[in-house]
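This structure is a prediction, so every number in the text was calculated from the model and none was measured. Atoms within each ligand, like the ligands themselves, are counted from 1 in listed order.
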Amino acid sequence: MKTITHWIDGTASTRAPERTGDVFNPATGEVQAKVAFATPAVVDEAVESAWHAAQSWRHSSIAKRTKILFAFRQLVDKHAAEIAKLLTLEHGKVAGDAMGEVQRGLEVIEFACGIADLAKGEFSENVSTEVDTFSIRQPLGVVAGITPFNFPAMVPMWMYPIAIACGNTFVLKPSERDPSAANFCAQLFADAGLPPGVFNVVHGDKVAVDRLLEHPKVAAISFVGSTPIAQYIYETGTKHGKRVQALGGAKNHMIVLPDADMELAADAAVSAGYGSAGERCMAISMLVGVGAAADKLVPLLQQRIAKLKVGDGLDPASEMGPLVTKAHLDKVRGYVDAGVREGATLVADGRGLHVPGRAAGFFLGPSLFDHVEPGMSIYKDEIFGPVLSITRVATYDEAIAMVNKNPYANGVAIFTNDGGAARKFQHEVEVGMVGINVPIPVPMAYYSFGGWKASLFGDLHVYGRDGVHFYTRTKAITSRWPDPRHRGVDLGFPQNR
Ligand code: NAD
């Protein structure tokens, strides 16, 4: 059976792994590969490689870095279908969704191609007589990225193209559940002309992550994953003196006002709730029906759910694939059981789903609960599966109070035809990414992505300008060139002159 190994110093590692993990095909339930789990020594090897590469990469011209990024962009575009197939085989998402993931990652690479403009400093002439001050942006050195299973190509691309464009070198620790896309992209980056050691991949679990968190030569950590781990990464990384941005989990609400276009809202809720089997940090998991909205929505949702085709992601007819692992399937099913136990109304039950020829796959059909209350576990917890819940409130004020009370604050949406209500909402809601008649408001690459509260630990969001700022530090230089008039000692603070 194939073993996916680390990518260090521009090549796949040939070292026999001490520990490995199973990589499943979620549609069949079969183990299709093994993945090497890095020991601290392997992580040290990758960091050393990155550190040595950083000594020259930071001096490389913007022209050279940009040329390599453009070449990488071309190669990712050319091989998009192959990357997408790897995503479907290991994550389970359907082919169209997998292509969409690669496309969104490509947009960040394209953004990074503009680094010449993005990393510019500032200049002020004559801050004092014949004295100039300017600032420059310099790379940090070795940066590490630790990423989740749900976007195995795109989330790493939120990080490494920008970090590398800024002159840093990178060590990626992708999810051990779908590790192949990282190696595939590392090979493409090498083919694009990236020098060895600038981009490295170590696979594994907490052992690898902990070594990255404490390694003295790692200057910064970008993390995306669940909230408890994000908090741990932030606290441990900053304790070791690193710059850290750690994006966590979510519980995204979609408020539907009674004046909304209900057909549009139902389409959006089904797409955003069940797309990628709900394994998206921006998935809608709570529908908040205001006034009569919920009564109108329920039958519209039922009609749409009944038509959804669930199956192997490689089958072009499938609209929704399996969950990533058996353990995750069991956890999500457990939430459907809990919702019934806690008294919510189960309108659509995905537990009995049978996918012909795929009996051992990790499938759960789309499930819908109505009359969900904030005290229930299906309201409080991030389920991360195809389970959509409806809660009912009487007024807009109750709806926004509910959203603002939630500890998570990644994404939120409002559906309405009332511009004034939408504007009030965008101003008042305490969430990092807001959609108005848009259910999954993921910002484009030239804005930045990030939530508030328990959905982000750190100060800067990922990609966009925040990404450039995260991966650089500024230096302010004040200069005066010799002029005989400057002679003479002055012990005072400079005055206006
Ligand atoms: P996870 O937190 O389990 O794992 C993320 C990464 O951390 C993986 O690389 C994993 O190997 C590592 N890890 C896991 N346990 C660890 C531990 N104890 N110590 C150190 N490292 C550890 O997340 P996941 O299940 O892979 O992904 C799903 C989660 O990611 C969801 O909560 C989802 O909301 C979140 N997510 C958030 C965003 C965002 O932008 N906010 C985007 C995508 C996913």
Side-chain angles (χ1 to χ4, degrees), residues 19 21 23 26 35-38 40 43 90-93 101 104-105 108 144-159 171-179 181-182 201-214 221-237 244-252 276-285 323-325 327-329 331-332 381-385 407-412 431-433 440-443 447-458 460-464 466-467:
R19 284 190 306 140
V23 180
V35 58
F37 276 15
V43 174
E90 294 181 357
H91 174 281
K93 62 181 69 180
E101 167 173 355
R104 298 312 298 264
V108 183
I146 301 156
T147 52
F149 80 84
N150 64 324
F151 288 106
M154 181 188 78
V155 169
M157 285 178 188
W158 287 356
M159 305 170 179
V171 179
L172 172 65
K173 206 304 281 173
S175 172
E176 61 276 37
R177 290 181 250 179
D178 37 24
V201 181
V202 291
H203 294 287
D205 56 2
K206 181 172 166 57
V207 173
V209 171
D210 283 348
R211 183 60 189 146
L212 286 169
L213 288 175
E214 67 191 23
I221 307 262
S222 294
F223 172 88
V224 175
S226 59
T227 288
I229 311 296
Q231 184 165 7
Y232 167 74
I233 299 283
Y234 183 77
E235 288 170 359
T236 315
V244 182
Q245 56 178 184
L247 282 75
K251 190 80 187 174
N252 306 313
S276 201
E279 291 173 328
R280 288 179 181 150
C281 65
M282 291 292 277
I284 292 295
S285 69
L323 291 162
V324 68
T325 56
H328 191 54
L329 169 67
K331 184 177 155 196
V332 177
D381 298 349
E382 180 184 36
I383 299 175
F384 222 57
Y408 294 106
N410 213 40
V412 71
V431 174
M433 292 171 282
I440 303 200
V442 174
Y447 283 82
S448 297
F449 181 107
W452 289 8
K453 301 186 340 198
S455 297
L456 175 78
F457 300 85
L460 291 169
H461 292 189
V462 281
Y463 68 73
D466 272 18

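- The shortest N or O to N or O distance between Phe149 and ligand 1 is below 3.5 Å.
- Distances from atom 16 (C) of ligand 1 to the heavy atoms of Ile229, Val155, Leu247 show the closest one on Ile229.
- Remark: side-chain polar atoms of Asn252 are paired, donor with acceptor, to backbone N or O of Cys281 under 3.5 angstrom.
- Ligand 1 places these atoms under 4.0 Å from at least one heavy atom of Ile146: 6 (C), 7 (O), 9 (O).
- Between the Ser455 side chain and the Ala409 main chain, a donor and an acceptor come within less than 3.5 Å of each other.
- At the top of the distance list for atom 1 (P) of ligand 1, counting protein heavy atoms only, stands Ser226 OG, 3.7 Å.
- Ring pair Phe449/Tyr463 is tilted by interplanar angle, where 30° to 60° counts as tilted.
- Side chains of Lys251 and Ile383 form a contact here, defined as non-hydrogen atoms less than 4.5 Å apart.
- Interface atoms of ligand 1 facing Trp158, defined by a heavy-atom separation under 4.0 Å, are 40 (O).
- Looking at Asn410 against ligand 1, only its side chain comes within 4.0 Å, counting heavy atoms.
- Residue contact check for ligand 1: Phe384 places a non-hydrogen atom closer than 4.0 Å to it.
- Atom numbering of ligand 1 starts at 1 in the shown order; those under 4.0 Å from a heavy atom of Phe449 are 39 (C), 40 (O).
- Residue Arg177 touches ligand 1 through its side chain alone, judged by heavy-atom distances below 4.0 Å.
- Looking at Thr227 against ligand 1, nothing comes within 4.0 Å, counting heavy atoms.
- Near Lys173, with a cut-off below 4.0 Å to any heavy atom, the atoms of ligand 1 are 8 (C), 9 (O), 10 (C), 11 (O).
- Using a distance-only test at 3.5 Å, with no hydrogens or angles considered, no donor-acceptor pair links the side chain of Lys453 to the main chain of Val431.
- Atom 9 (O) of ligand 1 has Thr147 O, 2.8 Å as its closest protein atom, hydrogens excluded (heavy atom only).
- Of the inter-residue distances, the one linking Lys331 atom NZ with Phe384 atom CZ reads 9.0 Å to the nearest 0.5 angstrom.
- Separation of atoms CD1 (Ile146) and NZ (Lys206) is listed at 10.5 Å; rounding is to 0.5 Å.
- Between the Lys173 side chain and the Gly204 main chain, a donor and an acceptor come within less than 3.5 Å of each other.
- Nearest to atom 5 (C) of ligand 1 by heavy-atom distance, out of Tyr408, Phe151, Phe223, Tyr232, is Phe223.
- Within the 4.5 Å cutoff, no side-chain heavy atoms of Glu382 are placed close to those of Ser285.
- With hydrogens and angles left out, the side-chain atoms of His91 and Glu101 include no donor and acceptor closer than 3.5 Å.
- Looking at Gln245, its side chain does come within 3.5 Å of a backbone N or O of His461 through a donor-acceptor pair.
- In terms of polar-atom proximity, Glu382 is counted as a contact of ligand 1, with an N or O under 3.5 Å from an N or O of the ligand.
- Between Asp205 and ligand 1, no N or O atom pair is found at a separation short of 3.5 Å.
- No side-chain donor-acceptor contact under 3.5 Å links Glu176 to the backbone of Gly21.
- Here is the list of ligand 1 atoms found below 4.0 Å of a heavy atom in Asn150: 43 (C), 44 (C).
- With hydrogens and angles disregarded, a donor-acceptor distance shorter than 3.5 Å links the side chain of Ser448 to the backbone of Asp466.
- Protein non-hydrogen atoms do reach within 4.0 Å of atom 34 (O) of ligand 1.
- Contacts with ligand 1 closer than 4.0 Å are made by no heavy atom of Phe37, backbone or side chain.
- The N/O atoms of Glu176, backbone and side chain alike, include one that comes under 3.5 Å of an N/O atom in ligand 1.
- Lys206 CG, 3.4 Å is the protein heavy atom nearest to atom 19 (N) of ligand 1.
- Neither the backbone nor the side chain of Glu279 has any atom closer than 4.0 Å to an atom of ligand 1 (non-hydrogen atoms only).
- Annotation: atom 39 (C) of ligand 1 to nearest protein heavy atom, Cys281 SG, 3.5 Å.
- The Val209 neighbourhood of ligand 1 comprises atoms 20 (C), 21 (N), with distances under 4.0 Å to a heavy atom of that residue.
- The shortest N/O to N/O separation between Gly248 and ligand 1 falls below 3.5 Å.
- Looking only at heavy atoms of the protein, atom 27 (O) of ligand 1 is closest to Pro148 CB, 3.2 Å.
- Atom CG of residue Leu212 and atom OG1 of residue Thr236 lie 12.0 Å apart, to the nearest 0.5 angstrom.
- Of the listed residues (Leu247, Val108, Val155), just one forms a side chain to side chain contact (heavy atoms under 4.5 Å, CB included) with Val462, and that residue is Leu247.
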